[in-house]
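Below: one structure, written as structure tokens.
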Protein chains: 2
Amino acid sequence: MGEHGGRTRRRGGELLAAIHAAVLEEVVEVGVGRLTMEGIGRRAATPRTTLYRRWSDPIDVLLDALYHSHPVEEPTPGADDLRGDLIRALQLMVTWTLSPAGRAVAAILTDPKGAPKVSEALFERVFANKGGTFTSTVLRHYAERGHFPADLLTPVVADIGEALVTKRLLDGAPPTDADLADIVDQAILPAIGLGPCRATP
Amino acid sequence: MGEHGGRTRRRGGELLAAIHAAVLEEVVEVGVGRLTMEGIGRRAATPRTTLYRRWSDPIDVLLDALYHSHPVEEPTPGADDLRGDLIRALQLMVTWTLSPAGRAVAAILTDPKGAPKVSEALFERVFANKGGTFTSTVLRHYAERGHFPADLLTPVVADIGEALVTKRLLDGAPPTDADLADIVDQAILPAIGLGPCRATP
DNA sequence: ATGATAAGCTACAGAAATGTAGCTAATACT
DNA sequence: AGTATTAGCTACATTTCTGTAGCTTATCAT
């Protein structure tokens, strides 16, 4: 059917998608704190009354949008390329974080008021316990196959990559592929004993 | 009339301090987005009109409070204890980040709307270009004295400690001293060639 | 074609915050 | 003590968002 021309009124899925896109844009722009039915409706070009027919408040709309967004892709370690797999895992993280849903999640998690109601729902649905699991999936895979001593894979080490990428993103400078390679070479690999090494105290 | 003490009305510095404390508490609780003259005045127990006599909007009050807050303490590397100095640098970071001013700064930096006006003022005043300089001050000190190769002190390596601490704080679990020691031992020291080392590719 | 469904529109009363103004009264300075 | 500051109080017209309601009409299904 013709997207536009005959139809003057959106319905069902088409309208829903427009509203979902609107909340995600809105939350990135104004933050969870300033999210309003007004703002969402304005951005989606639909009256507030339409929103109230389906949801009770702006947070409800937001959670629904996140629920319907694409899930986080999981890194799939290949055969014998620890370094490459780590870089790819961080690329996945960056890609998702810069997506509308990712940016929305970031806005939610850093919001002081959103803690109780929203965060729980987030971890149950969007993350499905995959939060911060980008590099550790890869690391566990190679540790189990003896590429490095498994006892070096501590909670701290499992977080190094995500932490550094997060810091770059917070600084407003999304890491390039070269930055990711540096993170892997200069921080992660040394921590599991596979890096520059000059002395062992 | 006076229930306790003689004075029933705060003036000058006393009132100012109460207002400054109020904004910092307020911004941590509701975020920059929901910061209002109303809220600040309510928390400081002063009418809005008093606030308008001095500042034009909530952001103005906030910036003034940050300007009058204690500056970030700088790490002062000792003689011959790289590990201990790194841990102390991270302790400084944690202490400041958990202070009212630190929590307020975090709220500001993670707010989507605060970018243009606030962030610039922040880096000029509160940080004075010391942001994220906790461990790198220490690292530079020891690199210059030959404790480890200076070429290993890359931008990535200089950020490892701060990044991991930030991640813990974002996760809502302020790192203990033992956590900080783990970060130093398992992430920072290996990256400068002073850690567990089993193979050199 | 025809009726059911659901979106668009308008209106309204209430809450909360804004910015301004004018008055009162407590505190500080000389 | 007398005076200048300056905080506290009250009021008011605006603005923005909230929920709710009732009516109109485009779109879909049969």
Side-chain angles (χ1 to χ4, degrees), chain A residues 1-23 25-27 29-65 68 107 111-114 117-118, chain B residues 1-23 25-27 29-65 68 111-114 117:
Chain A
M1 1 197 142
E3 282 292 321
H4 46 286
R7 297 219 306 301
T8 68
R9 192 176 283 191
R10 295 163 303 177
R11 265 174 90 107
E14 189 187 355
L15 178 64
L16 205 55
I19 294 175
H20 285 161
V23 217
E25 287 168 28
E26 189 79 2
V27 79
E29 189 162 312
V30 307
V32 183
R34 278 192 274 229
L35 206 57
T36 64
M37 289 301 216
E38 261 294 313
I40 299 165
R42 205 184 304 126
R43 190 181 289 269
T46 202
R48 286 199 327 285
T49 49
T50 301
L51 298 178
Y52 279 113
R53 280 172 185 138
R54 242 182 259 240
W55 303 280
S56 60
D57 50 290
I59 302 295
D60 239 50
V61 190
L62 176 59
L63 289 178
D64 200 42
H68 287 299
D111 188 88
K113 206 111 186 182
K117 185 177 175 186
V118 185
Chain B
M1 302 274 200
E3 282 287 329
H4 49 291
R7 299 217 306 301
T8 70
R9 193 177 282 193
R10 296 162 302 177
R11 264 176 92 106
E14 190 187 355
L15 178 63
L16 206 55
I19 294 175
H20 284 162
V23 217
E25 287 169 28
E26 189 77 3
V27 78
E29 188 161 314
V30 307
V32 183
R34 277 191 272 229
L35 205 57
T36 65
M37 288 300 214
E38 261 295 313
I40 299 165
R42 205 182 304 125
R43 191 181 290 267
T46 202
R48 284 198 329 281
T49 49
T50 301
L51 299 178
Y52 279 114
R53 281 173 185 138
R54 243 182 260 241
W55 303 281
S56 61
D57 50 291
I59 302 293
D60 240 50
V61 190
L62 177 59
L63 289 179
D64 200 42
H68 288 301
D111 189 89
K113 204 112 187 180
K117 185 177 174 184

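Below, read A as the first sequence line, B as the second, and so on, with proteins coming before strands; counting in each chain starts at 1.
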Which part of the nucleic acid does B:G12 contact within heavy-atom distance under 4.0 Å: base, sugar-phosphate only, or nothing?
->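 It contacts sugar-phosphate atoms only.
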
Rounded to whole angstroms, how far apart are [atom1] on [X] and [atom2] on [N]?
| X | N | atom1 | atom2 | result |
| --- | --- | --- | --- | --- |
| A:L15 | D:dT27 | CG | C1' | 13 Å |
| B:W55 | D:dA7 | CH2 | C1' | 12 Å |
| A:L35 | D:dT18 | CG | C1' | 14 Å |
| B:I40 | C:dT18 | CD1 | C1' | 13 Å |
| B:R42 | C:dA15 | CZ | P | 15 Å |
| A:E14 | C:dG8 | CD | P | 10 Å |
| B:L51 | D:dG8 | CG | P | 10 Å |
| A:E38 | C:dA17 | CD | P | 17 Å |

A:P58 has its side chain closest, among D:dT18, C:dA17, C:dG8, to D:dT18

Short heteroatom pairs, N/O only, protein and nucleotides 20-23 of chain C, under 3.5 Å:
none

Under the side-chain contact (heavy atoms from CB on, under 4.5 Å) criterion, do A:V32 and A:I59 qualify, and how do the steps go?
-> CA-CA 8 Å; A:V32 183; A:I59 302 295; 3.7 Å; yes

Of the non-hydrogen atoms in [X] and [Y], which two are nearest, and what is the gap between them?
| X | Y | result |
| --- | --- | --- |
| A:A65 | A:V23 | CB-CG2, 4.1 Å |
| B:M37 | B:W55 | CE-O, 3.7 Å |
| B:P58 | B:L35 | CG-O, 3.6 Å |
| B:A22 | B:A44 | CB-CB, 3.6 Å |

N/O (side chain, B:R11) to phosphate O (OP1/OP2, D:dG8) under 4.0 Å |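 No, B:R11 has no side-chain N/O under 4.0 Å of OP1/OP2 on D:dG8.
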
Phosphate OP1/OP2 of C:dG8: any A:T46 side-chain N/O under 4.0 Å |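 Answer is yes, contact under 4.0 Å.
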
Decide yes or no on side-chain contact (heavy atoms from CB on, under 4.5 Å) for A:D64 and A:R54, but give the supporting numbers first.
-> CA-CA 10 Å; A:D64 200 42; A:R54 242 182 259 240; 5.9 Å; no

Approximate separation, where rounding is to 0.5 Å, of A:L51 CG and A:D60 CG =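 These two atoms lie 11.0 Å from each other.
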
